[in-house]
Amino acid sequence: MKPAAFAYHRASSVRDAVDLLGELADDDPKILAGGQSLVAMMNYRMSRPGHLVDITHVPGLAGIRRDGAGLRIGALTTHRAVEKADLGPDFRVLSDAMRWVGHLPIRTRGTVGGSIAHADATAEWCLLAVLLDAAVVCEGPAGRREIPARGFFLGPFTTALDADEVIVEIVFGRPAPRAAVTEYADRRGDFAIVAAGVDLDTGDVVLGGVGTTPVLVEDAGTQDEIADALELRDEPGVPASYRRDLVRTLVGRAREAASRL
Ligand SMILES: Cc1cc2nc3c(=O)[nH]c(=O)nc-3n(C[C@H](O)[C@H](O)[C@H](O)COP(=O)(O)OP(=O)(O)OC[C@H]3O[C@@H](n4cnc5c(N)ncnc54)[C@H](O)[C@@H]3O)c2cc1C
């Protein structure tokens with residue numbers, strides 16, 4: 001499969017990328033990061049951007065650092081880099097969850113910022129950002145702003161990011177030493193049918209695969225109460241009752257795993 005024709009631009013800085021997105025706005029420009037979602041969609045002609053703005057050579061966008069605000073993960077940091085990082089007990093849930101993201105080659109190229117921007121409702125990064133109440137830092141023509149992850153995901157593959165904004169980093173401000181994520185997919189490496197994240201300290205549960213965005217259940221009750229309250233539709237090959245059973249089981253498993261930490 002081949003993508004439709006597009007023009008390629010290599011951004012030298014975040015400001016350069018923002019300027020390019022503005023200048024090319026009439027011809028559907030898209031940021032290119034790891035390419036693990038975008039290029040596949042272009043090859044299937046599900047996405048036909050007129051321009052790709054490659055940010056992979058922008059210095060300073062990859063890396064993990066701590067400061068007074070918490071843990072900062074640069075947008076170009078790969079899933080694999082997080083998987084291999086020693087984030088300590090406060091944020092180990094992030095590195096532990098990476099084993100659920102696709103296969104090794106995907107984790108080696110795919111980026112944290114790309115996952116958050118792509119906003120697949122079953123993506124582990126979207127679930128983690130909501131569970132840990134993270135902030136998405138982005139830069140646009142008017143400068144930088146922080147968008148709370150809990151208000152960032154608006155619908156299927158739709159976010160609060162403006163078309164001329166670039167995600168710069170994700171800030172995890174709240175330690176989550178008793179948080180865990182688990183999920184079920186038919187084959188290892190596939191996107192989850194249902195993913196569940198829990199934080200025993202806040203009582204919050206976040207579910208992937210049960211709605212068009214990650215579903216946050218604050219101060220959640222029992223796993224039966226959580227599962228029974230969900231509005232689920234039958235889908236080809238995945239009846240609502242099956243998905244509900246998965247929620248019940250996975251929330252229980254994630255809580256067990258978190259209680260052992
Ligand atoms: C076979 C397969 C299995 C996979 N399994 C999983 C899985 O189990 N779980 C999972 O979470 N993901 C999975 N993925 C997707 C993978 O995690 C991607 O890495 C991720 O979705 C997108 O990151 P990327 O860096 O590749 O972004 P790209 O594909 O380059 O971009 C994706 C979208 O985000 C935009 N974008 C990228 N970076 C930025 C930025 N900094 N600012 C603004 N917009 C930006 C792009 O314009 C594009 O619209 C899978 C992919 C494949 C091919």
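For this chain, numbers begin at 1 and follow the sequence in order. In listed order, ligands and their atoms are each counted from 1.
- Looking only at heavy atoms of the protein, atom 29 (O) of ligand 1 is closest to Leu38 N, 2.7 Å.
- Taking atom 25 (O) of ligand 1 as the reference point, the nearest protein heavy-atom neighbour is Thr111 OG1, 2.6 Å.
- Taking 4.0 Å as the cut-off, Ser115 counts as a neighbour of ligand 1 on heavy-atom distance.
- In this structure, the side chain of Arg92 does not engage the main chain of Ala179 through any donor-acceptor pair within 3.5 Å.
- For Arg15, the side-chain hydrogen bond (donor to acceptor under 3.5 Å, both in side chains) test picks out Glu139, with sequence neighbours left out.
- Distances from atom 11 (O) of ligand 1 to the heavy atoms of Met41, Glu124, Gln36, Met98 put Glu124 nearest.
- The shortest heavy-atom distance from Phe191 to ligand 1 is under 4.0 Å.
- Using a 4.5 Å cut-off between side-chain heavy atoms of Ile, Leu, Val, Met, Phe, Trp and Tyr, with links allowed through other members, Val251 and Leu128 fall into different hydrophobic clusters.
- Atoms of ligand 1 lying under 4.0 Å from any heavy atom of Gly110, numbered from 1 in the order shown and given with element: 19 (O), 25 (O), 26 (O).
- Residue pairs meeting the side-chain hydrogen bond (donor to acceptor under 3.5 Å, both in side chains) criterion with at least one member in residues 101-114, sequence neighbours excluded: Glu83-Arg107.
- Heavy atoms of Trp100 found under 4.0 angstrom from ligand 1 belong exclusively to the backbone.
- Checking only distances, Ala33 does come within under 3.5 Å of ligand 1, N or O to N or O.
- Aromatic ring pairs are classed by plane angle as parallel below 30°, tilted from 30° to 60° and perpendicular above 60°; the pair Trp125 and Phe172 is tilted.
- With contacts defined as side-chain heavy-atom distances shorter than 4.5 Å, the pair Arg244/Val247 does not qualify.
- Between Ile31 and ligand 1, at least one pair of N/O atoms sits closer than 3.5 Å.
- For a threshold of 3.5 Å applied to N or O pairs, the pair formed by His103 and ligand 1 contains no separation below that value.
- Between Ile55 and ligand 1 there is a heavy-atom distance shorter than 4.0 Å.
- For Arg107, the closest heavy-atom approach to ligand 1 does not fall below 4.0 Å.
- The closest side-chain donor-acceptor pair between Thr222 and Asp224, if any, does not fall under 3.5 angstrom.
- With hydrogens left out, the protein atom closest to atom 52 (C) of ligand 1 is Ile106 CD1, 3.5 Å, a heavy atom.
- Nearest protein neighbour of atom 35 (C) of ligand 1, counting heavy atoms only, is Ala117 CB, 3.7 Å.
- Between Asp190 and ligand 1 there is a heavy-atom distance shorter than 4.0 Å.
- Near Gly35, meaning under 4.0 Å from one of its heavy atoms, ligand 1 places the atoms 24 (P), 26 (O), 27 (O), 28 (P), 29 (O), 30 (O).
- Given atom 7 (C) of ligand 1, the protein heavy atom at minimum distance is Gly102 N, 3.4 Å.
- Within 6.0 Å of OH on Tyr44 lie no more than 12 heavy atoms contributed by other residues, nucleotides or ligands.
- Ligand 1 has an N or O atom lying under 3.5 Å from an N or O atom of Ser37, backbone or side chain.
- Of the possible polar contacts, none joining the Arg178 side chain to the Leu261 backbone as a donor-acceptor pair under 3.5 Å is found.
- Using a 4.0 Å heavy-atom cutoff, Gly189 is listed among the residues neighbouring ligand 1.
- For ligand 1, the polar-atom distance check against Ala123 finds no nitrogen or oxygen pair separated by under 3.5 Å.
- Between the side chain of Ser259 and the main chain of Glu256, a donor-acceptor pair closer than 3.5 Å is present.
- For the pair Thr158 (side chain) and Pro156 (backbone), a donor-acceptor distance under 3.5 Å is present.
- The closest approach between any non-hydrogen atom of Thr78 and ligand 1 is not below 4.0 Å.
- A side-chain contact (heavy atoms from CB on, under 4.5 Å) with Leu20 is found for exactly one of Val53, Asp54, Val166, namely Val53.
- The nearest heavy-atom contact from the protein to atom 17 (O) of ligand 1 is His79 NE2, 3.0 Å.
- For atom 40 (C) of ligand 1, the nearest non-hydrogen atom of the protein is Ile167 N, 3.7 Å.
- Applying the 4.0 Å criterion to heavy atoms of Leu161 picks out, from ligand 1, the atoms 43 (C).
- Taking the six-membered ring where the residue is Trp, the centroids of Phe6 and His51 are separated by 6.0 Å or more.
- Other residues, nucleotides and ligands contribute at most 12 non-hydrogen atoms within 6.0 Å of the CG atom of Asp86.
- Closest protein heavy atom to atom 24 (P) of ligand 1: Gly34 N, 3.5 Å.
- Results of the side-chain contact (heavy atoms from CB on, under 4.5 Å) test with Leu52 over Lys30, His9, Arg10 single out Lys30 as the only residue that passes.
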